[in-house]
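Along the sequence shown, residues are numbered consecutively beginning with 1.
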Amino acid sequence: MLRHCVRELHSPKKSWTRGTPVRVWYTLRTLRLFASTSISSPVGEHFDVIVIGGGHAGTEAACASSRMGCRTLLLTHKLETIGEMSCNPSFGGIGKGHLMKEIDALDGVCGRICDVSGVQYKVLNRGKGPAVWGYRAQIDRKLYKQNLQKEIFSYPNLTVRAAAVDDLLTKPGSTDNPATVCGGVVTSDGTTYHSKSVVLTAGTFLRAEINIGLQITPAGRIGDGPAVALAETIERAGFAMGRLRTGTPPRLDKRTIDFTKTSVWPGDDPPLAFSFMNERPWLKAEEQMPCHLSSIQGKEVVKIVKDTLHLNRHVKEELTGPRFCPSLESKSLRFGHLAHRVWLEPEGFDSDVIYPNGLSMTMPVEYQMKLLRLVPGLENVEIFRSGYGVFYDFIDPRELKPTLETRRMPNLFFAGQINGTTGYEEAAAQGIIAGINGAAKALSKPPITINRTEGYIGVLIDDLITNGASEPYRMFTARAEYRLTLRPDNAGAVRKELGELGGLSEFSLLHLTICL
């Protein structure tokens with residue numbers, strides 16, 4: 001068929017009929033689509049596991065699969081955005097710190113990277129028992145990305161490439177299990193990559209739109225376009241999908257803030273590390289950067305919010321947003337009589353950017369400036385970038401098994417915000433489980449599961465696959481029935497099956513055994 005098209009195109013134009021160009025175009029398009037979706041296509045390399053997405057879920061999944069001895073391919077839109085902290089410059093917190101400890105116990109990378117990239121380390125909830133302590137680190141964005149990329153690009157068994165994935169390679173299932181099986185991916189340029197398992201960590205990029213006021217921009221975050229074709233592929237495969245929203249605050253110019261009108265919150269002395277592999281983080285106590293606390297309240301705040309509702313598409317749309325990390329608009333409309341905390345968090349040692357935690361907003365930029373200048377200390381503030389909201393598609397996590405493999409399509413795993421969660425830690429926790437089990441599938445080894453009695457990762461996954469996600473899911477200690485025994489300092493219990501699977505380095509296993 002291809003040879004016939006070439007002959008037609010090279011024949012004298014006078015011999016063409018009216019429909020020749022159109023017929024040739026459709027023929028070539030059909031051939032491309034056939035080649036890109038056929039599992040038997042000889043084009044493209046073969047890997048054991050392919051991971052789509054270079055965020056916190058994707059990097060953990062790729063490293064976990066590689067540690068298992070699988071030849072792994074990580075595909076992401078841009079190599080330079082691997083490990084990007086799209087929203088807040090911090091890891092950990094109440095409940096989230098437990099996830100970080102468990103990820104580290106499974107030999108994950110994010111805890112170790114935080115220990116060499118932080119600007120401040122603090123354990124929250126220290127006034128209560130150790131079961132609900134929340135390890136937290138304020139992170140230097142540039143350092144974190146730099147250190148993570150250094151590790152990712154040199155990780156054994158891991159190949160990293162920049163490419164947008166548009167389609168999945170599939171083949172018919174077996175007689176025992178007739179479901180269509182995933183066997184690889186197709187990139188936007190038509191390149192095919194074959195694999196035994198695929199881990200999809202698309203974050204907030206599936207058919208994503210950014211909203212600032214009434215302005216709509218197709219993007220998953222500022223500067224990065226949406227994954228439209230991939231979303232359509234998932235939808236065609238029959239997966240139940242929904243739509244969620246999230247947002248991020250403006251970025252402030254530190255040089256225009258009067259910190260004398262705020263209270264200072266220093267780091268711990270001594271600072272404590274996330275990773276069991278490290279006795280302490282890289283900073284001394286006196287080298288840490290402080291955070292600052294202010295607040296916002298008053299009738300003027302509520303008035304600005306209400307007067308701009310008709311200009312705020314993000315708030316008007318009836319999509320579910322993060323209840324436990326709400327926008328300023330949501331807080332003002334529901335609790336306008338209360339004062340709302342505003343944490344001014346540094347984004348790095350050599351950065352003039354301040355992240356105002358608690359001021360996520362999506363109204364037009366000129367009104368964002370009016371609101372910001374009502375905050376004590378921010379009367380003369382200038383911004384580097386406005387706040388914005390994101391609408392994005394997600395998959396109903398009830399489509400998943402406890403291993404994070406999809407029930408509908410064997411060999412395909414979902415992890416991260418694509419499953420309806422919010423936060424770096426929740427994404428990384430899912431990523432490491434999906435990476436381990438994707439590798440186990442490729443190696444014909446039994447998968448691992450963590451139940452609710454064994455770890456917060458087990459609570460997270462069980463909540464998702466049982467209840468679904470009616471709103472962006474966030475981890476808290478209150479979600480764990482066994483929180484008195486699931487402490488940050490005994491997170492090594494989640495390792496029970498990994499030794500047999502070969503997913504732990506000998507040094508890591510020995511070190512944790514000594515620590516526990």
Side-chain angles (χ1 to χ4, degrees), residues 85-90 92-96 124 134 136 203-204 208-213 221 242-252 291 293-345 354-365 367-368 370-372 374-375 378 383 385-392 394 417 420-427 463 467 469-479:
M85 300 178 74
S86 303
C87 196
N88 54 301
S90 63
I94 307 300
K96 290 170 174 278
L124 309 180
R136 184 183 186 276
T204 61
E209 297 174 334
I210 283 178
N211 304 302
I212 302 175
R221 63 175 169 235
R243 201 152 172 83
L244 293 172
R245 68 180 180 187
T246 188
T248 192
R251 303 302 193 266
L252 312 182
C291 292
L293 177 63
S294 189
S295 63
I296 185 170
Q297 65 178 12
K299 294 180 180 179
E300 193 172 352
V301 175
V302 178
K303 184 177 185 303
I304 293 175
V305 170
K306 288 183 176 180
D307 288 350
T308 58
L309 285 179
H310 67 291
L311 300 174
N312 198 334
R313 175 177 183 258
H314 196 79
V315 175
K316 287 199 302 181
E317 289 287 330
E318 293 185 2
L319 294 179
T320 306
R323 178 159 52 111
F324 300 108
C325 186
S327 65
L328 179 63
E329 293 97 329
S330 297
K331 289 189 289 189
S332 297
L333 291 173
R334 295 184 64 192
F335 308 106
H337 60 291
L338 299 177
H340 302 290
R341 286 185 168 189
V342 178
W343 292 97
L344 302 177
E345 303 177 351
I354 292 293
Y355 179 92
N357 198 335
L359 287 183
S360 174
M361 58 180 81
T362 58
M363 61 184 63
V365 179
Y367 294 101
Q368 292 190 28
K370 285 185 178 181
L371 271 178
L372 286 170
L374 295 175
V375 178
L378 305 186
I383 65 173
R385 193 183 75 195
S386 67
Y388 63 87
V390 184
F391 293 167
Y392 60 97
F394 78 105
Q417 285 188 267
T421 60
T422 179
Y424 308 145
E425 305 83 0
E426 290 87 347
D463 280 349
N467 303 322
S470 59
E471 62 184 5
Y473 180 98
R474 179 174 179 165
M475 178 51 68
F476 291 105
T477 52
R479 295 191 187 273

Applying side chain to side chain donor-acceptor pair (under 3.5 Å), which residue pairs with at least one partner in residues 296-305 are found, sequence neighbours left out?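 Output for this query lists K303-D307.
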Quick one: closest heavy-atom pair of [X] and [Y], and the distance?
X: S332; Y: V302; result: O-CG2, 4.0 Å
X: S86; Y: Y424; result: N-OH, 3.4 Å
X: H340; Y: F335; result: NE2-O, 3.2 Å
X: P249; Y: L359; result: CB-O, 3.4 Å
X: E471; Y: L244; result: CA-CD2, 4.2 Å
X: S295; Y: V375; result: O-CG1, 3.7 Å

Looking at residues at least two apart in the chain, or sitting in another chain, which of them share a side-chain hydrogen bond (donor to acceptor under 3.5 Å, both in side chains) with [X]?
X: T477; value: none
X: N88; value: S90
X: S360; value: none
X: T421; value: Q430

Electrostatic pair E425:R136 at N-O distance under 4.0 angstrom: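 No, E425 and R136 are not salt-bridged.
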Those residues that, when tested against [X], pass salt bridge (Lys or Arg N to Asp or Glu O under 4.0 Å) (two or more places apart):
X: R474; result: none
X: E329; result: none
X: K370; result: none

Using ring-ring contact (aromatic ring centres under 6.0 Å, His included) as the criterion, list what pairs up with Y473, not counting sequence neighbours.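 Residues passing ring-ring contact (aromatic ring centres under 6.0 Å, His included) with Y473: none at all.
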Set of residues satisfying ring-ring contact (aromatic ring centres under 6.0 Å, His included) with respect to Y367, sequence neighbours excluded: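 ring-ring contact (aromatic ring centres under 6.0 Å, His included) list for Y367, sorted by chain: empty.
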With the side chain counted from C-beta on, respond yes when R251 and Y355 share a heavy-atom pair under 4.5 Å apart, and no when they do not.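 Yes, close enough: below the 4.5 Å cut-off.
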If we only count heavy atoms from C-beta on, is the V305 to M363 side-chain gap below 4.5 Å?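 Yes, their side chains come closer than 4.5 Å.
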Check whether any side-chain N or O of K331 sits under 3.5 Å from a backbone N or O of L338 as a donor-acceptor pair, and report yes or no.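 No: the side chain of K331 does not pair with the backbone of L338.
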Using only atom types and a distance under 3.5 Å, with no angle test, would you say the side chain of H314 pairs donor to acceptor with the backbone of T246?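 Checked: pair present.
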For T362, the option from N312, N211, T308, T248 that meets side-chain hydrogen bond (donor to acceptor under 3.5 Å, both in side chains):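 In the set N312, N211, T308, T248, the residue that makes a side-chain hydrogen bond (donor to acceptor under 3.5 Å, both in side chains) with T362 is N312.
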Nearest 0.5 Å, what's the [atom1]-[atom2] distance between [X] and [Y]?
X: M361; Y: Y388; atom1: CE; atom2: OH; answer: 14.5 Å
X: L293; Y: R341; atom1: CG; atom2: CZ; answer: 5.5 Å
X: I304; Y: L374; atom1: CD1; atom2: CG; answer: 5.0 Å

Side chain to side chain contact (heavy atoms under 4.5 Å, CB included) with S386: which residues, sequence neighbours excluded?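 Here the qualifying residues are I212, V365, Q368, I383.
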